[in-house]
Amino acid sequence: VVRPADVVEVAAVVTACRAHHVAIVPQGGNTGLVGGSVPHEGEVVLSTARLALVGEVDRAGMTVVAGAGATLARLQAAARASGVAFGVDLGARDTATVGGMVATNAGGLNVVRFGAMRAQVLGIEAVLGDGTLVRHLAGLRKDNTGYDLPGLLCGSEGTLGVVTAATLRLVPSYDEVATAMIGFESVAAAVRAGAALVSGLEALNAVEIMFDDGLALVAAHLGVALPPASRAPAVLLVEAAAAEDPTADLADAVASLDGCVAEPAVARSAADRDRLWRLREAHPEAAAALGVVVKLDVTVPLGAIPDLHRRVRAAVERLAPAATVLLYGHVGDGNTHVNVVGPGVDSDAIEDAVLAIVVELGGSISAEHGIGVAKRRWLPRARSAGDIAAFRAIKRALDPDGIMNPNVLLP
Ligand code: MLT
Ligand code: ZN
């Protein structure tokens, strides 16, 4: 494991590894879920932990330059201290780092409002696989001077180079927040409501979906009681944020939704809000407490979500009747997390079945977690031969010896 202190040292590491034909796995917070930052065959781990500087917030330009090793929580705190905010948030905020989030084009909870990482990166500094330093950090909103290197490196999962810093877009800080949990009679009703909120509630920051079986498991795991609103076949956690209190707007929007089964649980305090969010964010850990989890992260068109859920549950029932299935996700983005855990689970068979359903429904086999090692063999089912040939051509150009994360992304 090498821990370079600055971009010059990163370039020296890459050049030395290239000279000695040694592969490199860049590693940030190691919170990824597809094995993309894990060495598998004796690669050198290039830790970004020491590249953790967060620069001064540019209030006029609404940008900040952050080192790859800065955690999301530190970036968020720096933005907050300057009266602004960062547009991406996710449960792993205390550990996930800027470099890893750029390299995986992380999504999370607020994509519905601000987009994923790719939409935040205005400038990038990186060392490519051939040792070349690229640096264009000015962070201008208008800058039509050639290929979009931030766009290319976002989602490249360490296969083209090591991201060392990024200039990130900041967003206004909407301090007035309204949060509600709403129960629905069916998946279809919840999905229709999610779509209505996305198009009809301007201040919408997040709209997350959960189910009665998952919530019961989370409540038992945390040792907490569930609010009555969450005792429904499908449940949305909805959050609106604005400069002025959005509670009335949220209440109006909720009142116009069809298929609600009980009074919504509305957060009256920061503690209430944390309790509601904990029920959502603890889903992954509640699943992990049951054993080794087969994790899938898929998107389908919004209208196909009920079909996806029905078919996934049926497939798991057939393949591993004693297993537990947890479905949850970012419904506004069409993104479902499928977690399967328990006795008799053959991960290959489950992945095969679920991803085949997703492809049939016109979806993506990876919504926000990336391809990594775990989904690599599925890439040819998800992307055309032409796409993959272009990926390979880019890889060859920027990493001619194939030393950058060689077990990741490309089949
Ligand atoms: C989440 O939304 O909770 C994350 O993507 C993590 C996960 O699915 O395990
Ligand atoms: Zn997620």
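Whatever order the structure lists ligands and atoms in, that order sets their numbers, starting from 1. Keep in mind it's a predicted model, so treat the numbers as computed, not measured.
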I'd like to know if [X] and [Y] make a salt bridge, using a cut-off of under 4.0 Å between side-chain N and carboxylate O.
X      : Y      : answer
Arg93  : Glu281 : yes
Arg278 : Glu285 : yes
Arg3   : Glu9   : no

What does the contact table look like for ligand 1 (nitrogen or oxygen on each side, cut-off under 3.5 Å)?
residue: ligand 1; atom: 2 (O); partner: Arg280; partner atom: NH2; Å: 2.7
residue: ligand 1; atom: 2 (O); partner: His330; partner atom: NE2; Å: 3.1
residue: ligand 1; atom: 2 (O); partner: His337; partner atom: NE2; Å: 3.0
residue: ligand 1; atom: 3 (O); partner: Arg280; partner atom: NH1; Å: 3.2
residue: ligand 1; atom: 3 (O); partner: Arg280; partner atom: NH2; Å: 3.4
residue: ligand 1; atom: 5 (O); partner: His337; partner atom: NE2; Å: 3.0
residue: ligand 1; atom: 5 (O); partner: Glu368; partner atom: OE2; Å: 3.1
residue: ligand 1; atom: 5 (O); partner: His369; partner atom: NE2; Å: 2.7
residue: ligand 1; atom: 8 (O); partner: Tyr328; partner atom: OH; Å: 3.2
residue: ligand 1; atom: 9 (O); partner: Lys295; partner atom: NZ; Å: 2.8
residue: ligand 1; atom: 9 (O); partner: Tyr328; partner atom: OH; Å: 3.2

* Asked: What are the two closest heavy atoms between Ala240 and Leu201, and how far apart are they?
  ->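 For Ala240 and Leu201, the tightest heavy-atom pair comes out as CB-CD2, 4.2 Å.
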
* **Shortest non-hydrogen contact between Ala116 and Ala106, atoms and distance** =>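 In terms of heavy atoms, the two residues are closest at CB-O, 3.5 Å.
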
* Please determine, by modelled atom types, if Thr179 and Glu239 share a side-chain donor-acceptor pair under 3.5 angstrom. =>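 Looking only at side-chain atoms, Glu239 and Thr179 do form a donor-acceptor pair, the distance falling under 3.5 Å.
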
* To do: Using the six-membered ring wherever Trp is involved, compare the ring planes of His369 and His337 and label them parallel, tilted or perpendicular (cut-offs 30° and 60°).
  =>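 Correct class here is parallel.
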
* Please work out which of the three classes, parallel, tilted or perpendicular, describes the rings of Phe114 and Tyr174, given edges at 30° and 60°. =>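 Tyr174 vs Phe114 ring planes: parallel.
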
* Between Glu368 and Gly108, is there a donor-acceptor pair closer than 3.5 Å when you use the side chain of the first and the backbone of the second? ->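 Yes.
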
* Asked: Under 2.8 Å from the Zn ion (ligand 2), how many protein N, O or S atoms can be found?
  ->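 Considering protein N, O and S only, the Zn ion (ligand 2) has 3 within range.
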
